[in-house]
Amino acid sequence: MNKETTEIVKGLLSSPQNVAIIGHKNPDGDALGSCLGLSFFLKSLGHKTTVVMPNDFPLFLKWMPGVDDIVIYEKEIEKSSELIDAADLVFTLDFNSLDRVGDLQKVLENCTAKFVMIDHHQQPADYAVATYSDVKMSSTSEMVFHFMDALGEAEKLSKEIAVNLYTGIMTDTGSFRFSTSSPTTHRVAAKLIEAGAESAIINQNVYDNNSPERMKLLGIALNNLNILPELHTAYITLTQKELDKNNFKKGDTEGFVNYALSVKGVVFAVIFIENKQESIVKISLRSKGDFSVNDFARNHYSGGGHTNAAGGKSSQSLNKTISEFISILPRYKNELTHA
Ligand SMILES: [Mn+2]
């Protein structure tokens, strides 16, 4: 975090504040880890904090320290709105634009609090009085560690903070596999382990928590895997019928797209998941090397994210979405061949 932003944040936190901390819709490990880690940290400085999430999150993250105190907007609309209206400061973490929080957007737009953004997604919107944005960072959780350090408060790192930040870094880097894991990321992880984050236990909590339904659904997803070798692309489809048949719960398809990316020679992987309730197809995109799924998702799927991981949606039918995808792809042949 640069000097100017650090000074602004120091000023904002110079007396006890009422703080609301907000993550993005469909919170993942990094959204939860960074928000909860920041919450424990700000509490240790004498501030009052509440974490508000737009909607619920998957079971495999419900063991994280502090999750029981999270207020979920979809479940407690009035309480969340009151908390945000009463806040002096709103920290928005792990997203780059207020349209990433669903219906919570209007509450945030109408509140009078000052905003602080901590985030690693590309093209951050300009709504905060202090914006700590760094697209090279592995995760927002790693940034929360640097945030504490910049404020000169690194010694406030408790076990609760360490476990949350480690979980966020681990999940956002695919367990330190993606190219965003820098030497600094590993140094931060080491410090978190020293502060009490037990890597083996956190891995078990996150990854060895598969329900039988999720594993059956993975079987179907892998069976639906399509590989286009000449375009170095692989994609997976899941229909609403297939989801329903396997008692789909939110988060069950998390990480499925990575199996497509793990096929030898594949640099671009996509999963298309039908959502009849919202009349959309939910799309997750992953890549290796220079092929930007952020650009692809922005150009074709009203989405975005990072160079190697992005999301989006289509309001066409699943079949139409797939046939369009296949017709668009050859335009990218050169990029896909040289990624
Ligand atoms: Mn993140």
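Numbering of ligands and ligand atoms starts at 1, following listing order. As the structure is a computational prediction, the values presented were derived from the model and not from experiment.
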Please report the number of protein N, O or S atoms that lie less than 2.8 Å from the Mn ion (ligand 1). 4

Tell me every residue that passes salt bridge (Lys or Arg N to Asp or Glu O under 4.0 Å) with Glu213, counting only those two or more places apart in sequence or in another chain. none

Please answer whether the main-chain N or O of Gly305 pairs with a side-chain N or O of His121 as donor and acceptor at a distance below 3.5 Å. no

Run Asp56 and Lys62 through salt bridge (Lys or Arg N to Asp or Glu O under 4.0 Å) and show every step you take. CA-CA 10 Å; Asp56 207 356; Lys62 291 213 167 156; 3.1 Å; yes

Does a donor on one side chain and an acceptor on the other come within less than 3.5 Å for Thr140 and Glu142? no

Report yes or no: do Tyr332 and Thr233 form a side-chain donor-acceptor pair below 3.5 Å? no

Pick one: which of Lys276, Glu278, Gln277 meets side chain to side chain contact (heavy atoms under 4.5 Å, CB included) with Ile280? Glu278

